[in-house]
Amino acid sequence: MIAAFPDEIDLKKIAESGQIFSCGQMEEPDHFWFLSAGNLLTARQIDPQHIEAFCESGIWDSFWSAFFDAERDYRPLRQVMREKGGISAAAAQEGAGLRVLRQDPWEMLISFIVSQRKSIPAIRTCLAKLSDFGPIVPGAVCAGLPGLRRLPSPDRLLSLTSQQLLACGTGYRAAYLHDAALKVAGGKLNLAAAGKLDDEALQAELMNVKGVGVKVADCVMLFAYGRTDRVPADVWIRRVKERCPDAFTGIAAPGLAQQYLFFYARRHGRDGSFVQ
DNA sequence: CTCCAGGTGATGG
DNA sequence: CCATCACATGGA
């Protein structure tokens with residue numbers, strides 16, 4: 001089916017945006033795959049406003065539409081960022097087509113626990129190894145992605161030995177993952193019910209997990225619970241704020257602006273045009 | 001080899 | 001409250 005967006009969508013930028021790690025480019029040009037909560041989608045970029053989603057309209061409407069935040073018009077935000085000038089304007093310009101995805105709370109929790117002090121390629125590698133312990137994804141072979149698995153459930157994660165966990169490259173985060181699995185599997189952290197809490201209470205719930213600080217909690221709140229006023233402050237966003245302290249002032253949904261700025265800062269951090 | 005990565009918890013002031 | 005420091009490991 002063809003999906004039309006109110007403004008723009010860019011599958012390639014989204015796949016590279018650092019908010020999702022279970023995704024990739026396919027062999028055919030302009031084709032990408034995304035895996036979330038056990039659902040697998042392959043899609044083709046048609047033009048800046050349309051993609052061809054290789055799924056039935058039922059699952060698009062019930063899952064992927066919300067996943068891609070497909071009802072939101074990002075143009076007003078990008079206009080405000082353009083008016084700010086500087087980094088904000090450049091980020092809004094260059095990031096056109098980025099969207100903040102709505103993903104699974106458990107998958108975001110363990111993904112961003114793993115993410116700390118790792119590069120994005122290293123995060124992907126580690127999560128892929130962890131996923132070797134998870135269930136096979138239905139339709140993966142048909143989509144040309146044989147062997148694709150999703151991340152293990154809390155119960156499955158608990159059944160792994162620390163050696164197995166360490167062999168995935170989790171390092172010192174292995175104990176954090178174990179604690180997250182323990183709390184979710186044991187019902188001490190109910191991720192579905194947590195969605196009804198206000199921001200402050202939700203953050204406190206998430207931070208009860210060992211290895212979850214403000215930054216990881218913000219990532220889960222933004223990428224899983226759609227709390228668009230949260231701004232995960234990693235090294236790149238701190239550099240943006242240092243150079244442009246008012247980058248987020250007066251912005252209605254700063255979490256969305258954060259995604260453009262993160263994308264821009266990371267892309268230009270190494271080529272001399274941003275840092276220093 | 002060195003340096004850094006979508007940070008956090010423990011410790012000491 | 002804030003400033004350091006260790007932490008495991010892959011990727012550049």
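Throughout, a chain's letter reflects where its sequence line sits, starting with A, and its residues are numbered from 1.
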May I ask you to check whether A/Gln19 and A/Ser17 show a side-chain donor-acceptor distance below 3.5 Å? yes

Could you work out the separation of B/dG6 and C/dA3 based on their C1' atoms and round it to a whole Å? 23 Å

Is A/Lys183 salt-bridged to A/Asp179, cutoff N-O under 4.0 Å? yes

Have a look at A/Phe223 and say if it touches a base, only the backbone sugar-phosphate, or nothing, with a 4.0 Å heavy-atom cut-off. base

Distance in angstrom units between A/Phe21 CZ and C/dG11 P, rounded: 14 Å

Whether A/Tyr260 and A/Tyr74 hold their rings parallel, tilted or perpendicular, with breakpoints at 30° and 60°: perpendicular

What is the separation between atom CD1 on A/Ile113 and atom C1' on B/dA5, rounded to the nearest whole Å? 17 Å

I'd like to know if A/Asp73 and A/Arg75 make a salt bridge, using a cut-off of under 4.0 Å between side-chain N and carboxylate O. yes

What distance, rounded to whole Å, do you find between the two P atoms, one in C/dA8 and one in B/dT11? 14 Å

Rounded interatomic separation in angstrom, taking CD from A/Gln116 and P from B/dG6: 13 Å

Carboxylate-amine/guanidinium contact A/Asp69 A/Arg72, below 4.0 Å: yes

Under 3.5 Å, is there a donor-acceptor pair linking the side chains of A/Glu94 and A/His268? yes

Applying a 4.0 Å non-hydrogen cut-off, can you work out what A/Ser111 is touching in the nucleic acid: base, sugar-phosphate, or nothing? nothing

Can A/Gln103 and A/Glu107 be counted as having a side-chain donor-acceptor contact under 3.5 angstrom? no

Please figure out whether A/Met207 or A/Phe112 has its closest DNA chain B nucleotide nearer the 5' end. A/Phe112

Could you tell me how far apart A/Ile20 (CD1) and B/dG6 (C1') are, to the nearest whole angstrom? 15 Å

Side-chain atoms of A/Arg173 come closest, of C/dA8, B/dA5, B/dT8, to C/dA8

Can you check the A/Tyr172 OH to B/dA10 P distance for me, whole Å? 13 Å

Apply ring-ring contact (aromatic ring centres under 6.0 Å, His included) to the pair A/Tyr176 and A/Phe112, showing each step before the final yes or no. CA-CA 11 Å; A/Tyr176 300 162; A/Phe112 283 98; over 10 Å; no

Rounded interatomic separation in angstrom, taking NZ from A/Lys241 and P from B/dG6: 17 Å

Could you give the CG-to-P distance, from A/Leu177 to C/dT9, as a whole number of Å? 13 Å

Respond yes when some side-chain nitrogen or oxygen of A/Arg230 is under 4.0 Å from OP1 or OP2 of B/dG6, and no when none is. no

Just how far, in rounded Å, is P of C/dA8 from CG of A/Leu165? 13 Å

Base-pair map of DNA chain C as dot-bracket, where | denotes pairing with a different strand and pairs are Watson-Crick or G-U under 3.5 Å: |||||||.||||

Hey, does A/Gly18 reach any base, or is it just sugar-phosphate, or nothing, if we go heavy atoms under 4.0 Å? base

Looking at B/dG7, does its base get a donor-acceptor pair with the side chain of A/Tyr176 below 3.5 Å? no

Nearest of B/dG6, C/dT9, B/dG7 to any side-chain atom of A/Trp236? B/dG6

Does anything in residues 117-125 of chain A reach DNA chain B, meaning a heavy atom under 4.0 Å, and if so which residues? A/Arg117, A/Lys118, A/Ser119, A/Ile120

Which of parallel (below 30°), tilted (30 to 60°) and perpendicular (above 60°) describes A/Trp60 and A/Phe5? perpendicular

So, A/Ser159 versus A/Arg156: side-chain donor-acceptor pair below 3.5 Å or not? yes

